Amino acid sequence: LYFHAGCHIALSPDTKYFAVDWLGVEVTRATLGIIGMGSIGYKVAQRARAFNMRILYHNRNRRRKEEEEAVGAHYCAKMEDLLQQSDFVMLVVNLTPETHKLIGKKELGLMKPTATLINISRGAVIDQDALVEALQNKVIRAAALDVTYPEPLPRDHPLLNLNNIIITPHIGTATVQAIRMMAEEAIANMLAVLNDQPIPSEVFPK
């Protein structure tokens with residue numbers, strides 16, 4: 001969000017000088033709350049540790065002690081505890097009936113007014129109407145969404161008119177290398193099925 005707005009200032013034809021009191025928020029030593037500590041959530045934790053962040057996580061199943069210690073993560077059995085303590089809350093869950101609108105008015109209200117909500121999972125994990133209200137009323141500081149519901153949002157959607165949100169077009173895996181790896185994995189799975197072999201990435205194991 002800070003980078004996005006800064007880029008606009010740097011490129012704007014109206015800019016005559018850079019303000020010295022225009023300040024962002026440090027991630028170093030800030031508290032990151034990760035909701036969904038699967039393989040992606042864990043990789044986020046590994047990267048966050050490099051910034052010396054305090055890492056909290058909420059997940060259906062607690063990670064092994066050695067996995068927690070490897071990234072310095074602390075388990076929150078109650079999502080509410082994570083929301084209340086985190087400076088950044090990142091959603092990294094699958095979309096299921098249980099996670100549909102997981103973050104709504106109540107959950108946003110539990111967050112710090114200085115907190116940022118980040119969604120890299122699926123758009124419907126957040127109640128977008130509640131998010132609009134929370135951002136408009138400064139219930140939370142900001143949001144960063146790589147996913148929305150629907151995608152793209154209707155051009156008149158109120159989220160598009162807020163200055164404390166950044167929205168990207170579902171580009172979390174949009175690199176040449178990632179797309180190639182995904183294609184190779186899909187081919188490996190198809191070949192396994194055709195050759196009556198175990199499926200490497202079976203979604204619902206027997």
Side-chain angles (χ1 to χ4, degrees), residues 3-4 27 32-51 53 55-73 75-77 79 82 86 88-104 107 116-129 131 143-155 157 159-160 165-206:
F3 177 85
H4 178 70
V27 295
L32 170 65
I34 301 172
I35 299 177
M37 192 65 120
S39 59
I40 297 175
Y42 195 76
K43 288 181 184 298
V44 169
Q46 290 174 325
R47 287 153 176 77
R49 184 168 195 187
F51 288 96
M53 298 188 83
I55 302 168
L56 307 177
Y57 79 97
H58 173 73
N59 201 46
R60 285 180 301 177
N61 302 307
R62 185 170 183 172
R63 285 268 183 172
R64 297 197 315 271
K65 185 177 180 181
E66 54 267 33
E67 291 175 325
E68 292 180 343
E69 290 177 348
V71 294
Y75 179 65
C76 292
M79 187 174 71
L82 178 150
S86 299
F88 299 88
V89 174
M90 182 175 283
L91 302 171
V92 202
V93 297
N94 292 323
L95 179 59
T96 67
E98 290 73 31
T99 62
H100 183 259
K101 293 190 177 181
L102 179 69
I103 302 298
E107 290 73 25
T116 298
L117 178 65
I118 305 165
N119 190 10
I120 62 169
S121 55
R122 289 294 181 271
V125 170
I126 297 176
D127 180 339
Q128 291 183 159
D129 292 337
L131 179 60
L145 312 178
D146 188 40
V147 288
T148 59
Y149 181 77
E151 292 177 350
L153 287 172
R155 298 297 86 187
H157 196 284
L159 278 176
L160 301 179
I165 189 170
I166 184 168
I167 302 174
T168 51
H170 206 148
I171 56 173
T173 57
T175 66
V176 172
Q177 294 87 347
I179 295 298
R180 182 182 179 88
M181 286 188 293
M182 290 164 66
E184 289 174 348
E185 184 175 357
I187 291 167
N189 280 272
M190 287 186 278
L191 290 174
V193 171
L194 292 172
N195 292 298
D196 198 26
Q197 294 176 345
I199 304 169
S201 308
E202 191 171 7
V203 177
F204 300 107
K206 295 182 176 63

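Remember, predicted model here, so these are calculated numbers, not experimental data.
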Is it the case that Arg63 places NZ or CZ above or below the six-membered ring of Tyr42, under 6.0 angstrom from the centre and within 45 degrees of the axis?
-> yes
For residues 180-190, tabulate all N or O donor-acceptor pairs below 3.5 Å that involve a side-chain atom, not counting sequence neighbours.
unit_1	atom_1	unit_2	atom_2	d
Arg180	NE	Glu184	OE2	3.2
Glu185	OE2	Ser201	OG	2.4
Asn189	OD1	Ser201	N	2.9
Asn189	ND2	Glu185	O	2.6
Asn189	ND2	Ser201	OG	3.4

Picking from Arg64, Glu69, Lys65, what satisfies side chain to side chain contact (heavy atoms under 4.5 Å, CB included) with Glu67?
-> Arg64
Please lay out, stage by stage, how Val89 and Glu107 fare under the test side-chain contact (heavy atoms from CB on, under 4.5 Å).
-> CA-CA 11 Å; Val89 174; Glu107 290 73 25; over 6 Å; no
Does Arg49 reach the main-chain N or O of Ile55 with its side chain, forming a donor-acceptor pair under 3.5 Å?
-> no
Please tabulate, for the side chains in residues 119-126, all donor-acceptor contacts under 3.5 angstrom to protein atoms that are two or more places apart in sequence or on a different chain.
unit_1	atom_1	unit_2	atom_2	d
Asn119	OD1	Ser121	N	3.0
Asn119	OD1	Ser121	OG	2.6
Asn119	ND2	Arg122	O	3.0

Answer yes or no: does atom NE2 of His4 have more than 12 heavy-atom neighbours from other residues, nucleotides or ligands under 6.0 Å?
-> no
For Ile40, look at atom CD1 and say whether over 12 heavy atoms of other residues, nucleotides or ligands are found less than 6.0 Å away.
-> no
Minimum heavy-atom separation for Leu131 to Ala143, with atom names?
-> CD1-CB, 4.2 Å
Test item: Val147 and Leu91 side chains (from C-beta on) under 4.5 Å apart, heavy atoms = no
Is the backbone N or O of Ile103 less than 3.5 Å from a side-chain atom of Asp127, with the two atoms forming a donor-acceptor pair by type?
-> no
Kindly determine whether Val93 and Ile35 satisfy side-chain contact (heavy atoms from CB on, under 4.5 Å), including the steps that lead there.
-> CA-CA 7 Å; Val93 297; Ile35 299 177; 4.0 Å; yes
Least distance between heavy atoms, Arg60 atom then Tyr75 atom | O-OH, 4.4 Å
Taking every heavy atom of Leu56 against every heavy atom of Ser86, the minimum-distance pair comes out as CD1-OG, 4.1 Å
Look only at the side chain of Gln128 and the backbone of Tyr149, and say whether a donor-acceptor pair between them is shorter than 3.5 Å.
-> yes
Of all heavy-atom pairs linking Ala45 and Met37, the shortest is CB-CE, 3.9 Å
Checking Thr168 side chain against His170 main chain: does a donor-acceptor pair fall under 3.5 Å?
-> no
If you measure from OG1 on Thr173 to CD1 on Ile179, what distance do you get to the nearest 0.5 Å?
-> 4.5 Å
Any donor and acceptor pair, going by atom type alone, linking the side chain of Thr175 with main-chain N or O of Ala178 inside 3.5 Å?
-> yes
Search all heavy atoms of His58 against all heavy atoms of Leu82 and return the closest pair with its distance.
-> N-CD1, 3.6 Å
If every non-hydrogen atom of Ile165 is compared with every non-hydrogen atom of Leu159, which pair is closest and at what distance?
-> CG2-O, 3.4 Å
